[in-house]
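Written below as structure tokens is the structure these notes are about.
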Amino acid sequence: MTGLSTTTDAESVYEDDNVDYARQCRVADTAEFLEKLLPVPDRIIETVLKKLTGSHYDGKRWKDFPCSESAVKGKALYAPFIKVANAIRTAIEEAAAATNDLHGVAEWVDYHAQIPEPSLSDAARPDCLLGHNVCKFATKDWPTNDGAASQNESTQPDAREKETQRKKALQASNWWLQVICAVETKRRGSQKATDIVKDLTGHLRRILSKQLDRRFVFGLILGPKHMTVWLHDRSGVLGTSESFDIHQDPHSFIRVIGAFSVLPAEQLGFDTQMKFYASPDNIVPTYRLNHEAALVYLTATGREKQWVITTNGNEQYLTVKALSISRARVMHGPASLVWAVVAFKDGQVTSKKILVLKQCWRPVGSKSEQEMLLKVKNAAADMTDTSGEDFVVHVQLEETITMSGKEDITGSLIRKGLQVSASKRTLDVDERYLRVNMMDDDIISIVAVTSSRPTSRTHTRLLFSTFGWPLKDFKTRREAVCGIRDAVVGHEYVYYNGLLHQDISPGNIILAWCDEDVGTTGLGTKGCLIDFDRGKYGKANETEAPAKFPPLDRDSAKRKASLFHEVMAVEDMMHTIIDGSVMVAGSAAVDSFELFKYVAKAWIYVSRFAISAERIVDSALLRWTKVSRKFSFKLTEEERQSDSRTGTPPYTSGEILSRERYYIDSDLFHDAVHDMESFFWVLIHICLTRSGPDAQQRVELDGDNKDHQQLCFIVHCFFSCTENDLAFNKRKLFKAPDDFEKVIIPHFHPYFDELKPFMREWFSLLVLAYDYLEGYEYHNIHRRVLDILDRALASMTLEERDSDAGRKAVIESRRDSLCKLTEIREGHKDWQVL
């Protein structure tokens with residue numbers, strides 16, 4: 001297969017940033033922005049200005065600031081800005097009647113003057129910032145572990161170097177933990193105005209990705225005379241449409257700088273319901289860290305950090321393991337954070353039952369996960385078999401997070417209802433994102449390309465009683481396949497009761513802990529489908545599907561299977577061979593030519609993988625079964641939820657990525673077949689990238705392995721490149737189905753060889769289903785996929801080729817994780833996992 005589309009990783013990141021920047025960067029009226037988002041009392045501003053006049057402000061200009069006419073470089077602004085900003089901070093803390101949460105713990109610093117080691121510097125770091133004092137000082141006391149490295153030096157010569165690199169990488173990553181507000185200037189004369197804005201939004205995005213207790217963050221762009229202010233939350237980026245002159249309008253300058261010394265932490269972006277857990281007697285918010293807590297905070301990775309989270313009902317939970325925190329880096333969207341937690345109170349664990357806590361930002365107006373799953377349960381009330389519910393996550397609690405009693409919503413609580421300023425004229429071609437008007441290195445005004453209203457999002461907390469391990473951490477090949485099989489059963493259950501998941505990925509399928517007799521693995525786990533963030537609820541529509549093609553009754557369909565094979569080989573003879581008709585039950589008025597083509601393709605699919613060519617073609621042979629459907633997922637624009645994006649790109653159907661059908665010129669909407677394709681790509685990814693149990697990645701994918709460049713290329717083209725390339729490559733594969741055998745199958749790791757025939761069949765099933773949207777395969781896709789997976793499991797011997805070492809490593813890892821999570825040492829009988 002040639003002509004696959006691919007870009008480099010750097011190009012991929014750059015393109016994704018550009019898309020986010022273009023779609024999610026907006027501006028609002030400057031006066032309203034400052035007044036609503038930075039509400040510092042006028043009397044305090046006046047008091048501060050009076051105090052600083054003479055010493056720092058001469059009545060016309062802030063002292064030491066260069067004149068704009070000199071076309072200064074950004075670094076000439078650092079020292080005067082820091083001097084004045086800290087003078088404002090000190091004066092306003094003295095003038096304010098009450099101190100805020102950041103009183104005495106933060107100061108404005110020149111980043112370039114504070115970082116002594118060039119190796120730790122990062123070109124993507126802000127010029128100046130408001131930072132935590134204690135974090136800056138605590139970094140000097142970081143343990144180096146040099147002693148441990150030197151003790152092992154004789155047996156591990158590179159131990160010291162590895163430890164040094166580990167420390168530097170951690171320090172570079174955790175550097176962002178100190179930043180409360182970022183400041184950017186124009187660094188060079190050739191720098192484009194839009195790039196300054198883009199650099200700042202990149203800083204703000206990085207802060208949100210590292211500081212898990214931040215709901216939003218402010219940033220400033222500074223020139224010799226003018227300043228613009230920016231806010232980054234989970235609805236995107238919002239800036240002031242016009243800059244203000246810091247010299248001619250000192251009140252606004254004091255308002256902006258002083259806000260960080262007057263406003264409470266929640267109005268500066270902190271989640272006040274989260275506190276950092278350093279030890280049982282040292283639990284503090286990150287904006288009030290003491291020296292001991294700061295040392296723990298700065299020397300732990302994001303996954304190692306522990307938090308105490310308080311619900312609206314004042315129940316507390318201690319995070320014991322980060323399950324998913326990578327989505328914190330998204331520029332806009334749910335930004336889901338997921339931890340394993342235990343009940344906690346007064347510094348003590350009160351229950352050893354492991355729960356899962358998730359915090360995310362869902363679109364306002366969208367149905368919550370608990371609401372959707374409750375509707376599913378109600379719709380399933382008349383079902384005789386509800387066993388599929390066992391393979392779907394159970395929600396114990398769902399609530400909208402509140403700050404000081406008010407619901408935490410980006411559009412209302414954070415942005416205070418600010419209206420987006422619309423563009424009044426068409427921008428030039430090279431101004432795809434913003435028009436930033438500058439004069440003498442100063443930003444004067446900004447026009448956003450995107451003037452549509454951003455998606456307002458509600459900060460939501462969920463507590464699940466379902467705990468398990470990621471699918472990639474399977475302990476046998478059988479457990480991996482069983483995990484996917486169980487998740488498909490769960491998907492079928494919610495689908496036929498009105499809910500479509502729309503985001504099937506390895507991260508949304510877990511191997512949930514259960515009793516030995518639950519699930520299909522027989523291994524103490526069951527597959528479980530989680531995370532319905534992007535799910536959509538269908539509309540009631542009682543139908544029997546498929547409606548177009550009637551079943552083939554055995555008594556009335558007397559054609560031999562071999563005849564259909566001949567017809568497909570000589571398609572232009574079709575009408576002659578079948579005399580223009582096909583016998584069907586009920587003699588329904590169906591286009592005979594179209595029906596016969598479908599029957600022939602369905603028979604070839606079945607006969608290729610299981611059936612003899614001498615059997616009579618009927619519904620039983622073709623596995624055609626009508627299904628009763630209570631819901632339709634073909635929704636109008638008005639019926640769709642506000643957050644229309646679906647899927648995790650590497651595992652998303654090529655139809656959804658490209659917004660175009662593979663074969664049929666028909667309206668596209670996300671349906672069950674697309675999620676079944678996503679399950680397919682999940683298993684394909686495992687077969688291509690894993691070499692055995694315990695998330696063992698193939699050594700062939702490590703580094704620059706010239707002997708396996710084709711494998712690396714295929715994995716990149718179908719799982720790691722840009723969304724556009726993923727869409728192109730998947731469409732190309734489905735347009736040329738024979739290439740699956742040449743491109744994908746040969747690269748399976750030998751550990752998964754037994755799955756090859758079943759993955760061939762699954763791919764062929766998808767091709768047939770997409771080719772006939774009115775066919776049985778499309779409408780009964782769950783049962784057909786489950787049939788394939790059940791036969792795959794039946795073909796696996798009990799004595800698999802899994803090494804005892806691999807299985808034991810996974811078992812021991814799970815045992816250790818459960819023991820560490822709950823500090824249980826007694827053994828298996830005491831593990832308590834709901």
Name of the residue among Ile530, Leu462, Leu499, Thr460 meeting side-chain contact (heavy atoms from CB on, under 4.5 Å) with Glu369:
Leu462

Any chance you could measure Ser795, atom OG, to Arg478, atom CZ, to the nearest 0.5 Å?
9.0 Å

Side-chain heavy atoms of Ile781 within contact of Leu765, under 4.5 Å:
yes

Are Arg661 and Phe669 in a cation-pi setup, meaning NZ or CZ lies under 6.0 angstrom from the ring centre and within 45 degrees of the ring axis?
yes

Please report the closest heavy-atom contact between Val356 and Thr466, naming both atoms and the distance.
CG2-O, 3.2 Å

Scan Pro649, Ser658, Pro650 and name whichever one has a side-chain contact (heavy atoms from CB on, under 4.5 Å) with Glu723.
Pro649

Carefully, step by step, assess Phe532 and Asn508 under the rule side-chain contact (heavy atoms from CB on, under 4.5 Å).
CA-CA 9 Å; Phe532 287 81; Asn508 290 338; over 6 Å; no

So does Asp390 get a backbone contact from the side chain of Lys526, meaning a donor-acceptor N/O pair under 3.5 Å?
yes

Hey, is the main chain of Ser653 close enough, under 3.5 Å, to the side chain of Glu677 for a donor-acceptor pair?
no

Strictly by modelled atom types, are Gln710 and His747 linked by a side-chain donor-acceptor pair under 3.5 Å?
no

Would you please name every residue forming a ring-ring contact (aromatic ring centres under 6.0 Å, His included) with Phe631, sequence neighbours left out?
Tyr537

Heavy-atom closest pair (Phe752 atom, Arg690 atom, distance to 0.1 Å) is CE1-O, 3.3 Å

Which residues satisfy the ring-ring contact (aromatic ring centres under 6.0 Å, His included) test with Phe740, sequence neighbours excluded?
Phe680, Phe763

Are Trp469 and Phe474 close enough that some pair of their side-chain heavy atoms sits under 4.5 Å apart?
no

Check: Leu668 and Glu660 side chains under 4.5 Å, non-hydrogen atoms
no

Does the side chain of Cys482 come within less than 4.5 Å of Leu793's, by heavy atoms?
yes

Report the C-alpha separation of Lys475 and Thr525 in whole Å, then their side-chain angles, then the decisive distance to 0.1 Å, and conclude whether the side-chain contact (heavy atoms from CB on, under 4.5 Å) test is met.
CA-CA 10 Å; Lys475 65 182 176 184; Thr525 61; 5.9 Å; no

Would you say Thr625 and Arg783 are linked by a side-chain donor-acceptor pair, where the criterion is simply a distance under 3.5 Å?
no

Does Asn780 reach the main-chain N or O of Tyr776 with its side chain, forming a donor-acceptor pair under 3.5 Å?
no

Where the side chain of Asn541 meets the backbone of Ser632, is there a donor-acceptor pair that is under 3.5 Å apart?
no

From Leu766 atom CG to Arg784 atom CZ, the distance as rounded to the nearest 0.5 Å
11.5 Å

Going through the checks in order, is the side-chain contact (heavy atoms from CB on, under 4.5 Å) test met by Glu700 and Val715?
CA-CA 11 Å; Glu700 300 98 311; Val715 170; over 6 Å; no

Can you list everything that forms a side-chain contact (heavy atoms from CB on, under 4.5 Å) with Asp771? Sequence neighbours excluded, please.
Lys601, Tyr663, Ile664

Tell me whether His501 contacts the main-chain N or O of Asp531 through its side chain, where contact means a donor paired with an acceptor under 3.5 Å.
yes

For Asp725, does its backbone N or O pair with a side-chain atom of Thr722 as donor and acceptor, under 3.5 Å?
yes

For Lys367, is there any backbone N or O sitting under 3.5 Å from a side-chain donor or acceptor partner on Glu371?
no

Compare all side-chain heavy atoms of Asp382 with those of Lys630 and state whether any distance is below 4.5 angstrom.
yes

Mind listing the closest non-hydrogen atom pair of Asn729 and Cys717 along with its distance?
ND2-O, 2.8 Å

Okay, side chain of Arg698, backbone of Leu688: is any donor-acceptor separation there less than 3.5 Å?
yes

Checking Pro757 now: which residues fulfil side-chain contact (heavy atoms from CB on, under 4.5 Å) with it, not counting sequence neighbours?
Arg760

The criterion is side-chain contact (heavy atoms from CB on, under 4.5 Å); which residues satisfy it with Gln370, sequence neighbours excluded?
Ser368, Val395, Glu398

Salt-bridge present (Glu741, Arg608; N to O < 4.0 Å):
no

For Trp681 together with Phe679, are the ring centres under 6.0 Å from each other?
no

Run the side-chain contact (heavy atoms from CB on, under 4.5 Å) test on Leu471 and Ile510 for me, step by step, so that the C-alpha distance in whole Å, both residues' side-chain angles and the decisive distance to 0.1 Å come before the verdict.
CA-CA 5 Å; Leu471 178 67; Ile510 64 169; over 6 Å; no

First locate atom CG of Leu768, then atom OH of Tyr605, and finally report the distance between them rounded to the nearest 0.5 Å.
7.5 Å

Is the shortest heavy-atom distance from the side chain of Thr689 to the side chain of Phe719 under 4.5 Å?
no

Taking the side chain as every heavy atom from C-beta outward, state whether Leu357 and Thr319 have any pair of such atoms under 4.5 Å apart.
no

Name the orientation class of the two ring planes belonging to His491 and Tyr495 (parallel below 30°, tilted from 30 to 60°, perpendicular beyond 60°).
parallel

Quick one: does Arg303's side chain have a donor or acceptor within less than 3.5 Å of a partner on Lys321's backbone?
no

Quick one: closest heavy-atom pair of Ala672 and His782, and the distance?
CB-CE1, 3.6 Å

What distance separates Leu701 CG from Cys712 SG, expressed to the nearest 0.5 Å?
5.0 Å

Test side-chain hydrogen bond (donor to acceptor under 3.5 Å, both in side chains) applied to Tyr778 - qualifying residues, sequence neighbours left out
Asp671

So how far is it from Leu657 CG to Arg731 CZ, rounded to the nearest 0.5 Å?
10.5 Å

Calculate, to the nearest 0.5 Å, the distance between atoms CD1 and CG belonging to Ile788 and Leu755 respectively.
12.0 Å

Sub-3.5 Å donor-acceptor pair from the side chain of Lys735 to the main-chain atoms of Tyr662, do we have one?
yes

Is there side-chain contact between Pro334 and Arg534, with heavy atoms separated by less than 4.5 Å?
yes

Here the pair of heavy atoms bringing Ser678 nearest to Ile504 is CB-CB, 3.5 Å

Electrostatic pair Asp533:Arg362 at N-O distance under 4.0 angstrom
no

Closest non-hydrogen atoms of Pro746 and Lys742, given as atom of the first, atom of the second and distance, are CG-O, 3.4 Å

